[in-house]
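Structure first, then comments.
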Protein chains: 2
Amino acid sequence: MHLTSHTDYALRVLLYLRLREDGKSTIQEIADAYGISKNHLMKVVQRLAGLGYVDASRGRGGGLLLAKLPEEINLGRLVEEMEPHLDLVECFDMKTNTCPIAPVCDLKGVLGEAQQSFLGTLLGYTLADLGTRPQRLRKILKMPKAGG
Amino acid sequence: MHLTSHTDYALRVLLYLRLREDGKSTIQEIADAYGISKNHLMKVVQRLAGLGYVDASRGRGGGLLLAKLPEEINLGRLVEEMEPHLDLVECFDMKTNTCPIAPVCDLKGVLGEAQQSFLGTLLGYTLADLGTRPQRLRKILKMPKAGG
DNA sequence: CGATAAGAGGTATTCTGAATGCATGTTATG
DNA sequence: CATAACATGCATTCAGAATACCTCTTATCG
């Protein structure tokens, strides 16, 4: 039971941008801050841009900005959108299911309800709920000061 | 976001045994009923035996029996025990975490809460809650009649 | 207008872990 | 003692994630 690193990184990028409201951030800068691959992070950012969470500008002086208010970025929706699929077990996908009892099985319903509990909890949070202790976070992330 | 097939199969085995209260079932029989690999299923059954959910007897006339009452088999606990780990994201495992902000990050708490919601929902169910429509299930599974 | 900084996007490779198969051992029973 | 069944370890395959690389486009600055 785990989320992909894409989802993990997406959340980290958004948190970074939220803490750095005062200017653009480059992918390189964020990759360095978290110690992860720039190439990998580019894919994540492209996805976030496509979903309308960030504005990415190219060229010299380009970089990333949040495209929404932190309060408008729901963590549950983000996870739903970033995860490649939410098929907890085989029978969640009718197309590929091989379990013969799937149409009559109660398990699917129970697992589905549990999954909804999971997502439901996340739907109760937005990006604005993260980043308490902003000073410590900015320090750990070696975040440039405003205007830098 | 998905559970391993081990967990999936474990649930299916228990459901099968619950429906077939009247006698022992062999691994081969269950593998055939679901159309899955016997070799694979053996590993799952070993695990279930080790965890005390089933009694497995060897030799001619051997087979599997539930070791507990269906009401005593909690689906949440089972999932916790069958899943190799519950590390939703990297930072859930302090040993291997590389994210520098982990100690100060709110994300971990939020995701942990969501995961608890997931497991909490499953903790509300036992094997006794599954297998409504037993007749249809037994038919689909080609389950031997009592005494067979 | 050209050098450069930055994101876009496709492709290829590596790596991990799950899924599966196979071979042999052990136990019980008829 | 033959056979049916579970036990166990090892090997292999496979899928998908993670990562790297390379080229293209866009924008800005000198």
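Sequence lines set the chain letters: A, B, ... in the order given, protein chains first and strands last, and positions in each chain run from 1.
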Inset, instruction - Spell out, yes or no, whether Leu51(A) and Val44(A) are grouped together once hydrophobic residues are joined by side-chain heavy atoms under 4.5 Å, including indirect joins. - result: yes
Inset, instruction - Would you mind reading off the distance between Met1(A) atom CE and dA18(C) atom P, rounded to a whole angstrom? - result: 15 Å
Legend entry - N or O in side chain of Thr4(A) less than 4.0 angstrom from dA17(D) OP1/OP2: no
Legend entry - Greater than 12 external heavy atoms within 6.0 Å of Arg133(B)'s CZ: yes
Inset, instruction - Write down the distance between CG (Asp8(A)) and C1' (dA18(D)), rounded to a whole number of angstrom. - result: 13 Å
Legend entry - Phosphate OP1/OP2 of dA18(D): any Ser37(A) side-chain N/O under 4.0 Å: no
Legend entry - Interatomic distance where CD belongs to Glu83(B) and C1' belongs to dA18(C) [whole Å]: 11 Å
Inset, instruction - Figure out the OH/P separation between Tyr34(A) and dA18(D), and round it to whole Å. - result: 17 Å
Inset, instruction - Give the B/S/- string for nucleotides 5-13 of chain D, one per nucleotide from 5' to 3', where a protein heavy atom under 4.0 Å of the base yields B, of only the sugar-phosphate yields S, and otherwise -. - result: BSBBBB---
Inset, instruction - Whole angstrom is fine here: how far is it from CG in Asp87(B) over to C1' in dG17(C)? - result: 14 Å
Inset, instruction - Using only side-chain N and O atoms of Tyr9(B), determine if any of them is under 4.0 Å from OP1 or OP2 of dT20(C). - result: yes
Inset, instruction - Using distance alone, with no hydrogens and no angle criterion, decide if Thr121(A) and Glu113(B) have a side-chain donor and acceptor under 3.5 Å apart. - result: no
Inset, instruction - Could you check how far NZ of Lys24(A) sits from C1' of dA5(C), rounded to whole Å? - result: 12 Å
Legend entry - Donor-acceptor under 3.5 Å (Tyr34(A) side chain, Arg12(A) main chain): yes
Legend entry - Euclidean distance, atom NE2 of residue His2(B) to atom C1' of dA18(C) [Å, nearest integer]: 8 Å
Legend entry - Glu90(A) CD - dA19(C) P separation (whole Å): 10 Å
Inset, instruction - Using distance alone, with no hydrogens and no angle criterion, decide if Thr98(B) and Glu90(B) have a side-chain donor and acceptor under 3.5 Å apart. - result: yes
Inset, instruction - Looking only at non-hydrogen atoms, find the nearest pair between His6(B) and Met82(B) and report the distance. - result: O-CE, 3.6 Å
Legend entry - Polar side-chain atom of Arg20(B) near backbone of Lys24(B) as donor-acceptor pair, under 3.5 Å: yes
Inset, instruction - Would you tell me if any nitrogen or oxygen in the side chain of His40(B) comes within less than 4.0 Å of OP1 or OP2 on dA19(C)? - result: no
